[in-house]
Amino acid sequence: MEKIRRTDIAFLLNDAEGTFVGQIVNVRGWVRTKRGNKFVGFVALNDGSCLATIQIVFDFAKMDESILDRVHSGASISVNGELVESQGSGQRFEIKAVEMELLGEANPDEYPIQPKKHSLEFLRENAHLRFRTSTFSAVFRIRHHMIFAIHKFFNDKGFYNVHTPIVTGSDAEGAGEMFQVTTLDLHKIPYNEEGNIDFSKDFFGKATNLTVSGQLEAELAALALSKVYTFGPTFRAENSNTTRHLAEFWMIEPEVAFADIEDNMDLAEDMLKYVIRYALEYCMDELVFLSQRLQDEEKSKPQNERSPMELIEKLRFVADNEFVRTTYTEAIDILKNSKANQKKQFQFPIEEWGADLQSEHERYLVEKHFQKPVILTNYPKDIKAFYMKLNDDGNTVRAMDILFPGIGEIVGGSQREERYDALVGRMREMHIPEAEMSWYLDTRKFGTVPHAGYGLGFERLMLFVTGMGNIRDVIPFPRTPKNAEF
RNA sequence: UCCUCCUUAGCUCAGUCGGUUAGAGCACCUGACUGUUAAUCAGGGGGUCCUAGGUUCAAGUCCUAGAGGGGGAGCCA
């Protein structure tokens, strides 16, 4: 077969002027469907460069039949042919094949992905092949654009990206259960004289874990570079089995010196709106497809379970409207006086100030009461982390949680406690070992400044932007309890 | 971890009150049709009914345990 430089299918299909019509081009990709008769055949070919397939037309008389017989869904082929305006009505351009090479067969008796609707559960078990489907290739193209948009947002604002450690020796971060990292032989664990595991024999000479947050290290960087953000993997060994939790996920953690809680809220709201607008600008084909898919799925649901807003409409609504900002105390009042509470519709009734909000309460506030994203601030200190700045009332801290419809908490952040004595006081109250945290306390000892930051769960953002219902479907290879396949 | 639901052909699913040979669509194979759009039409092949016990004359169907998966809760991002 004549060697011609490969062209992305996206490049050919997006060429509005049709400048390539009449040229011989080469495309390579994976067959979605093949149809036709004894005389003329059609292959829908996808190479992942865009959602759409390009139609390959071939004249049976001119092609090698032994090759065509082995071209099934999933097979990879290389085609040389002339780009022409399509005679059919389903597409503008197509390729009239001159030569075709079968790069890789896909035995149809064994290849699991077919040109039909598969359940997301089935595809999750075939995560190695689900990239080949329209839905997942759309999700993962959007994922790329969201990653890029986040870096662009922060870069354009003068933030520096910081790589915080993945292996950490600090067990004081307090964000959740940690995965232990060790090179000790688990069959021959060394013990010291007190009968405890002798970590001095371990690789790092101490007990180490996978990070549950880059925040504390990001604070160190912020107190020199002023504006920083991390974007890295995060590991939580919680036995969480929900549509919103992963054991390995990606988190964005900006940290800003000379910033207070108001600046923090502004930054988070700006960032979320920016990346949502970015998706609307650069991923419209994918969003239209996912929206259609959702609407088809909802047809089988009862009326009251259907979403009030279609995906693209919902994204525009969030990008164009102010988030509601209110305090924990006001939220408790709203919930306490709500019909749902008075009619005892909450599984956990709201009785007094100080209780943590359950997800049914968050959903009520976001989905029923305000019907838009909500930023809640000034939580009771007892339900929040040690590093959050204590308010003058002595009871609340300058925390902020951003709650999104259908997702719940998408951002959690705070203004940090920058006063040395106040921070040490909180650490003692909460039994955080000071000695191990001396490096963190040094930032408060030497040239401390007010600062603030937050953590954004990247996959939760992906859930919102794509409208997917399960967090395992917006990360290529999900890690959850009892599942580390692939 | 708790509650709840599910597991039948490669895939999606039906299978009534426990009853005799377990079905359909898609996919695959054969044939028909010179431009299809998940092509269509006709025919064909394809089953560890999740696993292990149990009840029964008889189990895909009922019971117990286990495995895997979904949804909800908690923990959180």
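Because only heavy atoms are used, hydrogens play no part in the values below, and waters and symmetry mates are left out as well, while side chains stay in.
A ring-centre distance under 6.0 Å is not found for A:Phe159 and A:Phe153. The ring of A:Phe11 has its center closer than 6.0 angstrom to the ring center of A:Phe20.
Expressed to the nearest 0.5 Å, how far CZ of A:Arg416 lies from CG of A:Leu216 amounts to 8.5 Å. Distance check: A:Arg124 CZ to A:His118 NE2 gives 14.5 Å after rounding to the nearest 0.5 Å.
Each of A:His245, A:Arg143, A:Arg244 was evaluated against A:Glu459; a single residue qualifies, A:Arg143, per the side-chain hydrogen bond (donor to acceptor under 3.5 Å, both in side chains) test.
For B:G72, one of the phosphate oxygens OP1 or OP2 lies less than 4.0 angstrom from a side-chain nitrogen or oxygen of A:Thr243. Using a 4.0 Å cut-off, some side-chain N or O of A:Ser359 falls inside it from OP1 or OP2 of B:A73. Put simply, A:Arg124 has a side-chain N or O that comes within less than 4.0 Å of OP1 or OP2 on B:G70. For A:Asn37 and B:C41, the shortest distance from a side-chain N or O to OP1 or OP2 is not below 4.0 Å. Between A:Arg472 and B:G69 there is no side-chain N or O to OP1 or OP2 distance below 4.0 Å.
No N or O donor and acceptor, one from the side chain of A:His118 and one from the base of B:C11, sit under 3.5 Å apart. For A:Asp59 against B:U34, no side-chain N or O and base N or O form a donor-acceptor pair under 3.5 Å. A donor N or O paired with an acceptor N or O is not found under 3.5 Å between the base of B:G25 and the side-chain atoms of A:Lys117. Judged by distance alone with a 3.5 Å cut-off, no donor-acceptor contact links the side chain of A:Ser240 to the base of B:C76. On a pure distance criterion of 3.5 Å, no polar donor-acceptor pair joins the side chain of A:His72 and the base of B:C28. Checked by distance alone, A:Gln114 brings a side-chain donor or acceptor within 3.5 Å of a matching partner on the base of B:G10. Judged by atom type and distance alone, A:Glu121 does not reach the base of B:G68 through any side-chain donor-acceptor pair under 3.5 Å.
Listed nucleotides: B:U1, B:U36, B:C75. Nearest to the side chain of A:His245: B:C75. Here the side chain of A:Gln55 is nearest to one of B:C33, B:C75, B:G35, namely B:G35.
As rounded to whole Å, 16 Å separates atom P of B:G72 from atom CD of A:Gln358. In this entry the distance linking CD of A:Glu238 with P of B:U1 reads 13 Å, nearest Å. Taking atom CG of residue A:Leu456 and atom P of nucleotide B:C76, one finds them 18 Å apart after rounding to whole Å. We find that CD of A:Glu105 is positioned 14 Å from C1' of B:C28, with the value rounded to whole Å. Nucleotide B:G74 holds its P atom 7 Å from the CD atom of A:Glu360, rounded to whole Å. When the C1' atom of B:U40 is taken as reference, atom CZ of A:Arg35 falls 12 Å away, rounded to whole Å. Taking atom NZ of A:Lys62 as the reference point, atom P of B:U34 lies 17 Å away to the nearest angstrom. Rounded to whole Å, atom P of B:C75 lies 16 Å from atom CZ of A:Phe249.
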Inset, instruction - Using Watson-Crick or G-U wobble pairs with both distances under 3.5 Å, give me RNA chain B in dot-bracket, 5' to 3', with [ ] for crossers and | for pairs to another strand. - result: (((((((..((((.....[...)))).(((((.......))))).....(((((..]....))))))))))))....

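A donor-acceptor contact closer than 3.5 angstrom links the side chains of A:Arg32 and A:Ser134.
Using a 4.0 Å heavy-atom cutoff across all strands shown, A:Gly455 reaches sugar-phosphate atoms only and no base atom. Among the protein residues, A:Phe122 comes within range of the sugar-phosphate backbone only, with heavy atoms under 4.0 Å from sugar or phosphate atoms but none that close to a base. As judged by a 4.0 angstrom heavy-atom cut-off over every strand, A:Ser119 is placed among residues touching the sugar-phosphate backbone only. In this structure, A:Pro115 reaches the bases: a heavy-atom distance under 4.0 Å links it to at least one base atom across the strands shown. At the heavy-atom level, A:Ser86 lies under 4.0 Å from base atoms of the strands shown.
Pairs of residues two or more places apart, or lying in two chains, that qualify as salt bridge (Lys or Arg N to Asp or Glu O under 4.0 Å) and include a residue from residues 357-382 of chain A are A:Lys381-A:Glu429.
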Give every donor-acceptor pair under 3.5 Å between a side-chain atom in residues 89-97 of chain A and any protein atom, sequence neighbours left out.
from: A:Gln91; atom 1: NE2; to: A:Ser86; atom 2: OG; distance (Å): 3.0
from: A:Arg92; atom 1: NH1; to: A:Ala16; atom 2: O; distance (Å): 3.0
from: A:Arg92; atom 1: NH2; to: A:Ala16; atom 2: O; distance (Å): 2.9
from: A:Glu94; atom 1: OE1; to: A:Gln55; atom 2: NE2; distance (Å): 3.1
from: A:Glu94; atom 1: OE1; to: A:Ser86; atom 2: OG; distance (Å): 2.8

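Rounded to whole Å, the separation between the C1' atoms of B:G47 and B:G60 comes to 11 Å. Taking the P atom of each, B:U21 and B:A59 are spaced 11 Å apart, rounded to whole Å. Annotation: B:C50 and B:C3 have their P atoms spaced 24 Å apart (nearest Å). Across B:G70 and B:U64, the matching C1' atoms stand 23 Å from one another, rounded to whole Å.
Judged by distance alone, with hydrogens and angles left aside, the side-chain atoms of A:Tyr364 form no donor-acceptor pair with the main-chain N or O of A:Phe346 at under 3.5 Å.
Annotation: of the two residues near RNA chain B, A:Gly457 and A:Pro481, the 5′-most nearest-nucleotide partner is A:Pro481. Nearer to the 5' terminus of RNA chain B, by closest-nucleotide assignment, is the contact made by A:Lys96 (compared with the other of A:Glu362 and A:Lys96).
Under the 4.0 Å criterion applied to side-chain N and carboxylate O atoms, A:Lys384 and A:Asp356 are not assigned as salt-bridge partners.
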